[in-house]
There are 2 protein chains.
Amino acid sequence: MSRSHTDVPDGAAEFADEACPITEVLDHVAGKWSIGILVAAAHGPIRFTELERTVKGISRRMLTLNLRKLERDGLLTRTVHPTVPPKVEYALTPMARELHATLGELVGWAERHRPAITAARAAYDAKPAA
Amino acid sequence: MSRSHTDVPDGAAEFADEACPITEVLDHVAGKWSIGILVAAAHGPIRFTELERTVKGISRRMLTLNLRKLERDGLLTRTVHPTVPPKVEYALTPMARELHATLGELVGWAERHRPAITAARAAYDAKPAA
DNA sequence: CGGTATCCGGTATGATACTG
DNA sequence: CAGTATCATACCGGATACCG
């Protein structure tokens with residue numbers, strides 16, 4: 001995204017300057033699966049297959065990609081146990097744990113307003129031309 | 001996100017089932033431009049062109065689409081002033097203002113850890129095979 | 001078990017042009 | 001000013017198959 005780093009009016013603005021890099025970061029946690037993975041891993045180290053089952057709906061491919069992305073961003077640690085049946089565990093980093101708390105609020109907001117949002121959509125769709 | 005309305009059992013589990021609706025909601029604010037638009041509008045009613053300039057980087061098309069989506073979700077109100085030069089103002093709904101506060105924390109987190117994330121990426125990219 | 005590789009469609013986004 | 005219409009494209013993400 002990129003709201004750039006150019007000028008910033010005064011009103012709603014100084015957002016742009018700081019938002020650019022911020023959004024870049026946010027986009028990583030804003031992905032379709034990122035939050036789900038983060039939450040799933042919040043309870044402690046979790047294995048690949050576990051994640052696959054927990055974040056039900058995610059494909060192996062997407063799980064891997066997101067896991068790599070989160071790992072790269074320093075939100076998850078990937079620990080490979082050189083055992084016979086491969087065992088890889090993913091765990092949140094301290095930084096991610098902080099995020100998790102904030103995410104909890106976001107989720108709380110979503111839960112609180114889900115009915116309202118659903119209603120708003122219905123209303124909006126009901127009178128498109130009205 | 002996840003634990004919806006129940007509490008999280010012990011594992012990371014029944015997350016999937018209940019997360020669905022939550023994710024659906026979150027996905028709307030998690031879009032590439034949603035947060036930017038929301039923040040830009042947080043300072044008060046803002047006009048289309050203003051948004052176009054503030055959320056710099058966004059195309060007119062995406063602005064419109066996101067604006068509609070946010071309006072449909074009941075996060076933004078669209079007020080058309082029947083003046084000669086069309087004037088349309090977008091403002092946050094109370095529900096969105098609440099979200100804004102939470103978003104602020106998310107942004108705060110992003111700001112606090114941006115350096116760490118950047119460093120993590122650099123480190124990750126530096127020793128891929130190491 | 002834990003991935004990686006490939007094929008493929010749907011959507012998000014960008015660029016451009018036109019309109020009320 | 002505030003969109004809408006259209007076109008082309010990049011990438012997301014699912015399904016499937018193969019590998020260490």
Side-chain angles (χ1 to χ4, degrees), chain A residues 1-4 9 11-12 19-20 23-24 26-37 40-41 45-73 76-91 124 128-129, chain B residues 16 19-20 23-24 26-37 40-41 45-73 76-91 124 128-129:
Chain A
M1 61 238 17
S2 18
R3 283 107 194 151
S4 60
C20 196
T23 319
E24 187 187 310
L26 253 34
D27 275 356
H28 283 272
V29 283
K32 184 177 181 179
W33 306 106
S34 302
I35 298 181
I37 293 174
I46 185 169
R47 300 178 59 178
F48 189 88
T49 306
E50 279 260 21
L51 282 168
E52 208 172 348
R53 286 188 290 109
T54 306
V55 187
K56 244 163 263 169
I58 191 172
S59 64
R60 188 166 291 186
R61 173 187 157 74
M62 281 302 100
L63 215 206
T64 301
L65 289 179
N66 277 283
L67 245 23
R68 294 288 182 251
K69 186 179 70 178
L70 292 170
E71 186 195 350
R72 189 170 97 101
D73 285 349
L76 282 181
T77 58
R78 176 168 177 274
T79 308
V80 181
H81 296 80
T83 56
V84 182
K87 181 179 179 181
V88 181
E89 291 190 314
Y90 292 89
Y124 185 91
Chain B
C20 264
T23 319
E24 187 187 310
L26 252 34
D27 276 356
H28 283 273
V29 283
K32 185 177 183 181
W33 306 106
S34 301
I35 297 181
I37 292 174
I46 185 170
R47 301 226 269 158
F48 188 88
T49 306
E50 279 261 21
L51 281 168
E52 207 173 350
R53 285 188 290 110
T54 305
V55 187
K56 247 162 257 171
I58 192 172
S59 63
R60 188 166 293 185
R61 176 185 157 73
M62 281 302 99
L63 214 206
T64 300
L65 289 178
N66 277 285
L67 244 24
R68 295 288 182 249
K69 186 179 69 180
L70 292 171
E71 187 195 351
R72 188 171 98 102
D73 286 350
L76 283 181
T77 58
R78 178 167 176 275
T79 309
V80 182
H81 294 80
T83 56
V84 182
K87 181 178 180 181
V88 180
E89 291 190 315
Y90 292 88
Y124 186 91

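Because only heavy atoms are used, hydrogens play no part in the values below, and waters and symmetry mates are left out as well, while side chains stay in. Letters A, B, ... mirror the listed sequences (proteins, then strands); counts begin at 1.
Helix-axis bend for the helix from C:dC1-D:dG20 to C:dG20-D:dC1: the local axis fitted to the five terminal pairs at one end deviates from that at the other end by 50°, rounded to 10°.
In this structure, A:L51 CG and A:L67 CG are separated by 6.0 Å, a value rounded to the nearest 0.5 Å. Separation of atoms CG (B:L63) and CH2 (B:W33) is listed at 9.0 Å; rounding is to 0.5 Å. Between the CZ atom in B:R60 and the CZ atom in B:F48 there is a gap of 6.0 Å [rounded to 0.5 Å]. In this structure, OH in B:Y90 is found 8.5 Å from CG in B:L76, a value given to the nearest 0.5 Å. The distance from atom CE of B:M62 to atom CD of B:E52, rounded to the nearest 0.5 Å, is 12.5 Å.
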Whether each nucleotide of nucleotides 13-20 of chain D has a protein heavy atom under 4.0 Å at its base (B), only at its sugar-phosphate (S) or at neither (-) is summarised, 5' to 3', as BBB----B

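When every heavy atom of B:G36 is checked against every heavy atom of B:V55, the shortest pair comes out as O-CG2, 4.0 Å.
What separates CG of B:L67 from P of D:dC1 is a distance of 16 Å, to the nearest Å. Rounded to whole Å, atom P of C:dG3 lies 10 Å from atom CD of A:E52. B:L63 has its CG atom 17 Å from the C1' atom of D:dA5, to the nearest Å. One atom, NZ of A:K87, and another, C1' of C:dC1, lie 11 Å apart when rounded to the nearest Å. Atoms CG (A:L51) and P (C:dC1) sit 14 Å apart, rounded to a whole Å. Atom CZ of B:R68 is separated from atom C1' of C:dT11 by 20 Å (rounded to the nearest Å). Per the geometry, CG belonging to B:L76 stands 16 Å off C1' belonging to D:dA2, to the nearest Å. Between B:K69 atom NZ and D:dG3 atom C1' the separation is 18 Å, expressed in whole Å.
At a threshold of 4.0 angstrom between heavy atoms, the contacts of B:T49 are confined to the sugar-phosphate backbone, with no base atom among them.
Each of B:T64, B:L65, B:I58 was scored for a side chain to side chain contact (heavy atoms under 4.5 Å, CB included) with B:R61, with one residue passing: B:L65.
Sequence neighbours left out, the pairs with a member in residues 64-73 of chain B that pass salt bridge (Lys or Arg N to Asp or Glu O under 4.0 Å) are A:R121-B:D73, A:D125-B:R72, B:R68-B:E71.
The phosphate of C:dG3 (OP1 or OP2) has a side-chain N or O of A:Y90 nearer than 4.0 angstrom. Distances shown here put every side-chain N or O of A:R47 at or beyond 4.0 Å from the OP1 or OP2 atom of C:dC1.
The closest side-chain heavy-atom distance from B:T79 to B:V88 is not below 4.5 Å.
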